[in-house]
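Throughout, a chain's letter reflects where its sequence line sits, starting with A, and its residues are numbered from 1.
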Amino acid sequence: MYYDFKATEKKWQDKWEDAGVFHAVEHSDKPKFYALVEFPYPSGAGMHVGHIKAYSGLEVVSRKRRMEGYNVLFPIGFDAYGLPTENYAIKTGIHPRQVTDINIKKFTGQLKRVGFSFDWTRVIDTTDTRYYKWTQWIFLKMFEHGLAFRDKTLVNYCPSCKVVLSNEDSQGGKCDICHSDIVQKSKDVWYLRITEYADKLLEGLDTVNYLPNIRLQQENWIGKSTGAFVNFTVKDTDETLRIYTTRPDTLFGVTFMVMAPEHPLLDKYKDQIKNFDAVEAYRAQCAKKTEFERTQLVKDKTGVKLDGFTAINPVNDTEIPIFISDYVMMGYGTGAIMAVPAHDQRDYDFAKEFGVPIIEVIKGGDISKEAYTGDGEMVNSGFLNGLTNKKDSIAAMLDFLAEKGIGEKGVQYKMKDWAFNRQRYWGEPIPIIYCPHCGMVPVPYDQLPLELPKVENFAPGSDGESPLAKIESFVNCKCPKCGADAKRETDTMPQWAGSSWYFLRYMDPQNDERFASKEALNYWGMVDWYNGGMEHVTRHMIYSRFWHRFLYDIGEVPLPEPYAKRTAQGLILGPDGDKMSKSKGNVVDPNDVVDVYGADVLRTYVLFMGDYEKASPWSENSVKGCKRFIDRTWNLQTIVTDDEGYSKKLESAFHKAVKKVSEDIETLKYNTAIATLMALINQIYDAGSITKGELKTFITLLNPFAPHVTEELNEVMGFGGMLATAPWPTWDEAKCVDDEIEIAVQVNGKIKARILVPSDAEANAAIALAKENAAVAAAIAGKQSVKELYVKGRLVNLVVR
RNA sequence: GCCGGCGUGGCGGAAUUGGCAGACGCCCGGGACUUAAAAUCCCGUGAUGGCAACAUCGUACCGGUUCGAUCCCGGUCGCCGGCACCA
């Protein structure tokens, strides 16, 4: 029989929409379930099969949950601010607003063609004034609480995009957008004080259920280390040079100190430092190095020894030299270190290069060859000598430092504050006004949203200024506090702003009084299950947990953590096994697949192709295999009988399949869930017929994966109702067991036969049956029995000598 | 360098976490239907030997624990991801 997927799929998509079966209900007696997928960035390229895989996972869970009787919120929206749209607009001259609208329309059409059960009444667009009003509102709340601030520091700057980037946006020293090398620039920028939330973000991980690798990546990104701050006196000054170390117990091994070339103390003492011209020359040399060069030359330590600027080691009052070197970063710790060459490889390399003495303070290595970073007995360390436990020696040193008042326990994080402004047009305007009398004044809450003005020229200025700076009608304003002439902030927020709270807006998307009502926030609570890409684990996931935790701390949301559970899908690679990319020409367009095979086939294939969490290559032939499966499902109607319920032949197969599919959907094992249904359909065709009851169960199980063909079959067969709202099948554990099962019989661990035994057989009975088998009898004949084992339902093993 | 993951047929991948390795799908070979092709259906398909029943080998490599190891332990090699001069 021919299955016309084109007409059928459209028909059911319309029916679902007309009936509103996927709309989340405001007040319901049912238990709630909130499934969240990462909303797409509506790029000009349209959707990617990767999006389909990412959404199909929770799509299946959401459909199953509805059938299980939950009130399900499964929303979708568009994260539409950002550089690609703006760059496209600059290239083509089409306004970003228009580009965004076109792309959203395109994405919406594509998503609907696949038949996803999103609640289309709750769509959000981060560039909509009704939405970003609340993005600005949250920013102002952070400003009010001192979490948004301006500071002049070294920042990551992309010379190609002409924009300041956060640490998260410049991972690996490359621009996240254009992959150019990032340079460090001293600039006055906006920060969000995410570091203040570092501990809360770490502790929160104990209360949620993320896949272990996701949790680990977040922990590493936050990068907490515990150690101590120690103040060294600088000789012939009142100054102290403060350092951070994780090994204060190695203080007796300190033979020099190193400061970052940009360290502010250097300028303060430029008259005292006799070779300050050498310092400046070295700084110039460092500024020229790109991030790439700095990391490639790890072994080649460079630096300058300061003349007339030395320190005193507080544990033994020895005078030690101070160097500057670019292996010490201004951005971590205090920008200065105590160097212990015997027990730190970098310090060791530097010491060898500059001829500084190396003093062993921990026994166990060979410091004539390399630094020893392991544990061991303390030596040459005064009051620490003889201690063998790292904990003890650190504790003893901390006591000493506290007693002398020159140091204390400290904590450091790799995570840095979030550089938050972008010198670009296509983003949320930062609602701050600079008044010559009052300083930084927030735009009053009742004047939000501060709308992004419509401009003609949205290209960034070469002077590093936002395009908004040229719009005088926008820039010039009155101070809300004193009424004086004032100027607006002209930078915009980064792409990640809107996505940092979008999951809250879905709960109550039309609200103009609040970002979401308290009732909606209380009802929906946490996102029950969030799925997305690994690439967002150390960006969006961290940012949004931070915003949510802040909103919790100021009493705006009821729970501290936003996501109860987080999973991540693996990439879909090109047919050649490489990452899909336009330049390689190996990109698969979901539209093409739907055109040729239909949405049900596409949905089934992206979940069947491999382990959901791992990357796997696209294979057109395997798509055809799924097409065959869908057609075979359609053709089940040709062998259906009039009987209700399960047949004797297939009853246990059905109970097992219901169990397996139900369980696999919960554990991301979509591939084996589908394989189970394929195996079941093979059994059905082998049996030659299927009862009505069996067919109903089969199409219900398959419905979350292939909703169109199963709905059509349900209608053609006259089963009544819609599968989308039909109850999920249940199974009977007792019926999952066959009366007789085949087990293996081993002799000395080698398989000699397969026999049938009653499934409830005890060891004695099974072993007796095994011995009756001719091949087994021959193998043990004349041998002495050592041990006889029966693993219930699995095998018998006879150990003989 | 540090942290994490992985390594199973020609391919994508299964295997109840110590109990019949290779489910399911693809590819490939043979057959049926057809004037023919496509589609569909049936049979076969880890390797080696054998007409066959069967035997031997087999989960990157070497070794260990165990009645029994893809799974646990020790070592080696290779691939992927994250961080990276983090003091």
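With a 3.5 Å limit on both pairing distances and Watson-Crick or G-U wobble geometry required, the stems of 3 or more pairs in RNA chain B span B:1-7 with B:77-83, B:10-12 with B:24-26, B:28-32 with B:40-44, B:46-49 with B:54-57, B:60-64 with B:72-76.
Only at 4.0 angstrom or more do the heavy atoms of residues 770-777 of chain A sit from any atom of RNA chain B, so none qualifies. Residues from residues 794-801 of chain A placing a heavy atom under 4.0 Å of any atom in RNA chain B, listed by number, are A:Arg794, A:Leu795, A:Asn797, A:Val799. Contact check of residues 666-679 of chain A against RNA chain B (heavy atom, cut-off under 4.0 Å) returns A:Lys669, A:Asn671, A:Thr672, A:Ala675, A:Met678, A:Ala679.
Across B:rC54 and B:rG5, the matching P atoms stand 43 Å from one another, rounded to whole Å. For the P atoms, the distance from B:rA47 to B:rC42 is 23 Å, rounded to whole Å. With both ends at atom P, the span from B:rG13 to B:rU8 equals 9 Å, rounded to whole Å. For the P atom pair drawn from B:rG44 and B:rA36, the interatomic distance equals 26 Å after rounding to whole Å. Distance check on atom C1': B:rG31 versus B:rG18 gives 43 Å, rounded to whole Å. Of the P atoms belonging to B:rC28 and B:rU16, the separation is 31 Å, rounded to the nearest Å. Atom P of B:rA39 sits at a distance of 29 Å from the matching atom of B:rU48, rounded to the whole Å. When the P atom is used for both B:rU76 and B:rG81, the distance is 23 Å, rounded to whole Å.
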Exercise. When you look at A:Leu680 and A:Thr676, which way does the side chain to side chain contact (heavy atoms under 4.5 Å, CB included) test go after all the steps?
Worked result: CA-CA 6 Å; A:Leu680 181 60; A:Thr676 301; 5.6 Å; no

Problem set entry | side chain to side chain contact (heavy atoms under 4.5 Å, CB included) evaluation trace for A:Ile684 with A:Ile639 | CA-CA 9 Å; A:Ile684 293 168; A:Ile639 58 165; 4.0 Å; yes

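One cannot find a donor-acceptor pair under 3.5 Å joining the base of B:rC6 and the side-chain atoms of A:Lys614.
Among the atoms of the strands shown, none is found under 4.0 Å from any heavy atom of A:Glu788. Contact annotation for A:Ile751: backbone-only contact, meaning every heavy-atom pair under 4.0 Å involves sugar-phosphate atoms and none involves a base. Counting any heavy atom pair closer than 4.0 Å across all strands shown, A:Ala615 reaches sugar-phosphate atoms only and no base atom. Contacts of A:Gln412 with the nucleic acid, taken as non-hydrogen atoms under 4.0 Å apart, are absent.
Here the nucleotide nearest the side chain of A:Pro617, chosen from B:rC85, B:rC20, B:rG12, is B:rG12. Side-chain proximity of A:Asp611 to B:rG82, B:rC83, B:rG13: nearest is B:rG13. Nearest to the side chain of A:Lys414, among B:rC24, B:rC83, B:rA87, sits B:rC83. In the set B:rG82, B:rC3, B:rC86, the nucleotide with an atom closest to the side chain of A:Arg346 is B:rC86. In this structure, the nucleotide among B:rC86, B:rC20, B:rC24 sitting nearest to the side chain of A:Tyr332 is B:rC86.
Residues A:Thr567 and A:Tyr612 bring no donor and acceptor atom of their side chains to less than 3.5 Å of each other. Side-chain contact, A:Tyr327 with A:Asp347: a donor N or O sits under 3.5 Å from an acceptor N or O.
Under a 3.5 Å cut-off, the side chain of A:Tyr670 and the backbone N or O of A:Ser56 do not form any donor-acceptor pair.
Sequence neighbours left out, the pairs with a member in residues 656-666 of chain A that pass side chain to side chain donor-acceptor pair (under 3.5 Å) are A:Lys64-A:Glu666, A:Arg65-A:Glu666, A:Lys656-A:Asp738, A:Lys659-A:Glu733, A:Lys660-A:Asp664, A:Ser662-A:Trp728, A:Asp664-A:Thr672. Listed by first and then second residue, the salt bridge (charged side-chain N to carboxylate O under 4.0 Å, His left out) pairs involving residues 612-623 of chain A are A:Asp611-A:Lys614 (not counting sequence neighbours).
Residues satisfying the salt bridge (Lys or Arg N to Asp or Glu O under 4.0 Å) test with A:Glu740, not counting sequence neighbours, are none. Judged as a side chain to side chain donor-acceptor pair (under 3.5 Å), and not counting sequence neighbours, the contacts of A:Lys771 are A:Glu788. By the salt bridge (Lys or Arg N to Asp or Glu O under 4.0 Å) test, A:Asp344 pairs with A:Arg346, sequence neighbours left out. Taking A:Tyr372 as the reference, nothing meets the side chain to side chain donor-acceptor pair (under 3.5 Å) condition, with sequence neighbours excluded. Applying the salt bridge (Lys or Arg N to Asp or Glu O under 4.0 Å) criterion to A:Lys224, with sequence neighbours excluded, gives A:Asp199.
Glycosidic conformation, B:rG64: anti, with the torsion outside 90° of 0. Look at B:rU66: its glycosidic torsion is beyond 90° from 0, and that puts it in the anti range.
Dashed line: the shortest gap from a side-chain N or O of A:Tyr244 to OP1 or OP2 of B:rA87 is not under 4.0 Å.
Across the interface with RNA chain B, nearest-nucleotide mapping of A:Tyr605 and A:Ile337 shows A:Tyr605 to be the residue nearer the 5′ end. With the nearest nucleotide of RNA chain B identified for both A:Gln217 and A:Gly335, A:Gln217 has the one nearer the 5' end.
Within the 6.0 Å centre-distance limit, the rings of A:Phe256 and A:Phe350 are counted as a close aromatic pair.
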Restricting both atoms to N or O, compile the protein contacts to nucleotides 26-28 of chain B shorter than 3.5 Å, with distance only.
{"from": "B:rC26", "atom 1": "OP1", "to": "A:Arg628", "atom 2": "NH1", "distance (Å)": "2.3"}

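In this structure, A:Lys783 places its NZ atom where only 12 or fewer heavy-atom neighbours from other residues, nucleotides or ligands lie under 6.0 Å away.
Residues A:Tyr413 and A:Ile194 form no side-chain contact, since every pair of their non-hydrogen atoms from C-beta on lies 4.5 Å or further apart.
For the pairing with A:Lys627, the side chain to side chain contact (heavy atoms under 4.5 Å, CB included) check across A:Val596, A:Val601, A:Leu602 returns one residue only, A:Val601.
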